[in-house]
Enquirer: 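What follows is a structure written as C-alpha cells; I'll ask about it next.
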Amino acid sequence: MRRAYFRNNWIAALVVAPQLLIIFVFFYWPTSQALYWAFTFEQPWGGGNEWAGFENFRNLLTDDRYWHSIRVSIVYAAGATVLSMSAALILAVFADRQLRGYRAYRIGAIWPYAVAAPAVGLAFRFIFNPSAGVMSYVNEAFPGFWDPILNGDHALIMVMIAGAWKQVAYNFIFFLAGLQAIPRSLIEAGAMDGASILRRMRDIQLPLLAPTFFFVLVININDSFTDSFGIVDTMTAGGPARATNLMVYKIYVDGFRGLDYSGAAAQSIILMLLVIALTVVQFRYIERRVHYT
Amino acid sequence: MKSTYISAFAVAAVLGGAAQAQDKIQFEYWYGLGGYLGDVVQSTCDRFNESQDTYEITCVGQEGYANAVQNTIAAFRADEHPTLVQAYDAGTADLMMSGEFYSVTKMMDDFDIEIDWDDYFPGIANYYAASTGELFAMPFNSSTPMMYYNIDDLEAAGFDAPPATWEAFEQLLVALEEAQPEKCNYAYAPSTWIDLEQLSMAHNIPVATKNNGYDGLDAEYVYNTTQHVTHMENIKRWHDEGLLELRTSQGGLNARDSFAQNECSLYFGSIAGHQTVHNTASDDMNWDVEMLPIYEGFERHNTVVGGAALWVLSGKTENEYRGAAEYLKFLATPESSIYWSTNTGYIPVNDTAYQAMLEQDFWAEEPYAGREKAIESLTYTEPTELTGGIRLGGFIQARSEWVNEVQAALGGDKTMQEALDTAVERSNAVLRRFERTYRGKELP
C-alpha cells in the first residue's frame, strides 16, 4: 500500500486542526467532564462537588433496575437490528432486480431516514394506539390482543418496530449500493449455468455482500444503543413499569429530569464502554469471517 | 400603574439620568408553561413592557417545566442564565439547596418595594418559604386538583350532587356503569400529584417523615403505610372491575381531553385545565368541578398548591434585579392577578386579589364559575405540619418511581401494596443520594 507524506508537518497539522478542534469540543471535552462527574457528587447548580471514588458505579452495578435497563437495551438492540436489516435486505434485493417502477420505489425506500425520530415516534404512536389507532381494529376483533399502555412486552415490540422502520432506509441504501457493486457478469454466468434466483442470491450475492453486511451491523447495533432516545421519549417515556427504559433514556431521566448528574454521568461512561466493547468484539470475531474483495 | 411610572423615573434619576427611554434596562425571564398557557405568560410580559419604559423584559418559553429548569441550570453553569425563572413545585428542594438565588423577600426589601407577604394564602406561601417563614420565590401560577364531573351523566345515574366521600364515589362508579355501560366512567391517569401528594394533604396524613421533609434532609417516605394504600388498592380494583379507564397521552387521548370530549364522565385534574376544558368541550356539555372526595372517618384538610413560582437567580447586576423586582411587583397587582386568572384556570395567590375578584363577582358566571372551589380547597383549614407542602430532594425521581410501580400493579405484575413498598424503598434511596450530594448542608 502506498502512503502520502507531507514534507512540512505544519501544513498537515493545519489541515487536520479544524476536525481535531471539532472532535475535541464535541467529544473529548464533554467526555472528560462526564468522567469527572462520574467520580464526584456533582450538585446540579454547581458548588462543592465531593470526590466519590467508585461509589457512583458501585451504586449502579448493585442496582437491579440498572441491570434491567441493560437487559432491555440489549433486547431492543438485537430486535431492532435483526428487524431492520432483514427488511432492508429484502427491499434492496427487489430494487436491485430492477422490476417495473423501481426508481420511484427506491426513492420511497430512502425517504424514512430523513424523518426525525420524535416524528417517527408520534406516527407509530398513532398506528399502534390500542383504542384510536390502526391497531384498534385488531383489538375490536380480538379484545385485549394489543395493549402497549399496560403491557410491557407490547410496548417494547412497538418501540422496536418504530426504531427498525427508521433504520431500514439507511440500511437499504448500503445494501443496494453493495448489490449494485457486484459485477453483473458473475450473476449472468450463474444464470447461464442454470442457478435459480435464490441460489444465485445465496451463493453469489450474499457472500459478496458480507463487508457491507458487517458494516451495517456495527452501525445498527451502536445506533440502537445511542439513538433510540427520540422514539422512546415520544412513544412510551420509558414505561409502562420501565419496560422500555433503555439505557440512553434512563441517563436522560436520571440526569436531566432527576438532576442526579453524577449518577447519569456514571451511566453514560458505562454505556460508552459497552458500545466500544461491542464494536471491538465485532471487529475481532465477526470481521474474521468477512472477506473483502 | 402610576406609582410604577414614578418609581421608574426615580431609578432613572439615581442612575444620573443616563438611562434614556431608548436604551432600556433589559433582563430575561424563562418560563416553562407551553401551549396556550405559555401564550398568556408571554402576554403578561408584553403588558409589563407597555406599562412603563425604563425596563424591557424578554420572555423565553422553554416548553415544559422540566426543560425550563434543565436549560436554566445549563445556562447558569455557562453564566448565561436569565434573571428570572419559572420553576415548578417539585423542584423547590433542589433550588433551595443550591443557594443560587436571590430571595424575593430580601430583594423587594432591598429595593424598597412594599409587599404584604402575610397576604399570600398560607397553602401557597408555605410551599416556597424557608423554615423562618421567609418567602424565597414569588408564587405565580397556582392551582390545586379538582374533581371534574359531567352533571348530566351523574343525574342519569341518580346522583344530584357530586360525591363528597370516596365511598360514595365508588357507588357512583357502579351506578354510572349500570346507567351507561358504553361510556367510560372515570378517566384515570396515575398522578403522584393528585393520588399521593394532594390526597395525603386533604386527609392530613404524611407522605414522608420529618413533616414531609421540612424538618431535615434525613426524611423517609412512609406512604406505603397510610390511607394512600387503601386508595390505590381501590383504584386497582376499579380498574380490574372495568369501572375506570386508563387514559394517558401515550394511549392517545389523555384524561382531561377524554373528559372534555365527553368520552368519560369523571376525571381528576388541576384547576389550571378549567379554561382548556371549556375551550374543548361542546357548549351543550353540562359539567362542573368539586373538591376531592374524602374517605369516611377522616376530616377534610387543605390541599396545597401545584404549579410554579418565580425564582430570581444569583449572579446578575443590580439593574437587572431592579427590573425583576418591578416585574414581580407588576404581577402582584390585583389587575395582573385578575388578567392572569381570567385567561387561565389559575387562581389568585393572595387575599387582596381574591377579595378584588370577589367584589367583581368574578366567579358568578361562566366560564369562571367553579374556580372558586379551588381556593376553598386550598384554604379549607390552616396548614398543619403535614399539609404545608412537600420538601423532598430528587422528588421528580421519586414521582417517577411511584408511577412506574403503580403501572406495574395496574398491569397485574404485583399487588398494590408490593408496588408501593418498592416505590418507597427506591424513593428513600433517592433521598439518601440527595442527602449525600449535599452532605454538610441544611435546608434553609
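In this text, all values refer to a predicted model and were calculated from it rather than measured experimentally. Numbered from 1 within each chain, the chains take letters A, B, ... in sequence-line order. All heavy atoms count here, side chains included; hydrogens, waters and symmetry mates do not.
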Enquirer: How about A:Phe229 and A:Tyr252: are their ring centroids closer than 6.0 Å?
Expert: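 Yes, the ring centres sit under 6.0 Å apart.
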
Enquirer: Hey, is the main chain of B:Tyr221 close enough, under 3.5 Å, to the side chain of B:Asn428 for a donor-acceptor pair?
Expert: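 Judged by distance alone, yes, a pair lies under 3.5 Å.
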
Enquirer: What part of B:Arg399 gets closer than 4.5 Å to chain A, counting heavy atoms only: side chain, backbone, both or neither?
Expert: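 Neither part.
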
Enquirer: Is it the case that the ring center of A:Tyr76 lies less than 6.0 angstrom away from the ring center of A:Phe225?
Expert: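 No, the ring centres sit 6.0 Å or more apart.
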
Enquirer: If you tally heavy-atom pairs under 4.5 Å against chain A, which of B:Arg439, B:Arg426, B:Gln407, B:Glu405 wins?
Expert: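 Sorted descending by pairs with chain A, the first entry is B:Arg426.
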
Enquirer: Would you mind checking which part of A:Glu42 comes under 4.5 Å of any heavy atom in chain B, side chain (CB onward), backbone (N, CA, C, O), both or neither?
Expert: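 For A:Glu42, heavy atoms of backbone and side chain both lie under 4.5 Å from chain B.
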
Enquirer: Test the A:Lys166-A:Tyr113 pair against the cation-pi criterion, namely NZ or CZ under 6.0 angstrom from the six-membered ring centroid and within 45° of the ring axis.
Expert: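 Because its charged atom sits under 6.0 Å from the ring centre and within 45° of the axis, A:Lys166 does stack over A:Tyr113.
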
Enquirer: Can you say whether B:His239 sits under 4.5 Å from chain A via the side chain, the backbone, both, or neither, judging by heavy atoms?
Expert: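 Looking at B:His239, just its side chain touches chain A.
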
Enquirer: Need one label for A:Asn59: side chain, backbone, both or neither, based on atoms under 4.5 Å from any heavy atom in chain B.
Expert: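 Answer is side chain: those atoms of A:Asn59 sit under 4.5 Å from chain B.
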
Enquirer: Is B:Glu435 paired with B:Arg432 through a side-chain N to carboxylate O contact shorter than 4.0 Å?
Expert: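 So B:Arg432 pairs with B:Glu435 through a salt bridge.
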
Enquirer: Please answer whether the main-chain N or O of A:Thr234 pairs with a side-chain N or O of A:Arg125 as donor and acceptor at a distance below 3.5 Å.
Expert: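 Yes; at least one donor-acceptor contact below 3.5 Å.
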
Enquirer: Using non-hydrogen atoms only, which part of B:Leu246 is less than 4.5 Å away from chain A: side chain, backbone, both, or neither?
Expert: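 It is the side chain, since no backbone atom gets that close.
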
Enquirer: So for A:Glu50, is it side chain, backbone, both, or neither that comes closer than 4.5 Å to the heavy atoms of chain B?
Expert: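 For A:Glu50, the contact with chain B is made by the side chain alone.
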
Enquirer: Looking at B:Val69, B:Val406, B:Asn67, B:Leu95, which makes the most heavy-atom pairs under 4.5 Å with chain A?
Expert: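 The answer is B:Leu95.
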
Enquirer: What part of A:Asp147 lies closer than 4.5 angstrom to a heavy atom of chain B: side chain, backbone, both or neither?
Expert: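 The answer is neither part of A:Asp147.
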
Enquirer: Tell me, for B:Ser314 versus chain A, whether the close heavy atoms (under 4.5 Å) come from the side chain, the backbone, both or neither.
Expert: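 Neither part; nothing is under 4.5 Å.
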
Enquirer: Against chain A, work out which of B:Phe76, B:Tyr438, B:Phe434 has the most heavy-atom pairs shorter than 4.5 Å and name it.
Expert: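 Looking at each of B:Phe76, B:Tyr438, B:Phe434 in turn, B:Tyr438 comes out on top.
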
Enquirer: So, A:Asn56 side chain and A:Ala38 main chain: donor-acceptor pair closer than 3.5 Å or not?
Expert: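 Such a contact is found between A:Asn56 side chain and A:Ala38 backbone.
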
Enquirer: Counting only heavy atoms closer than 4.5 Å, note whether A:Ser262 contacts chain B via side chain, backbone, both or neither.
Expert: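 Both parts, backbone and side chain.
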
Enquirer: Hey, are B:Glu401 and A:Arg65 close enough for a salt bridge, meaning a charged N less than 4.0 Å from a carboxylate O?
Expert: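 Between A:Arg65 and B:Glu401 there is a salt bridge, with a charged N closer than 4.0 Å to a carboxylate O.
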
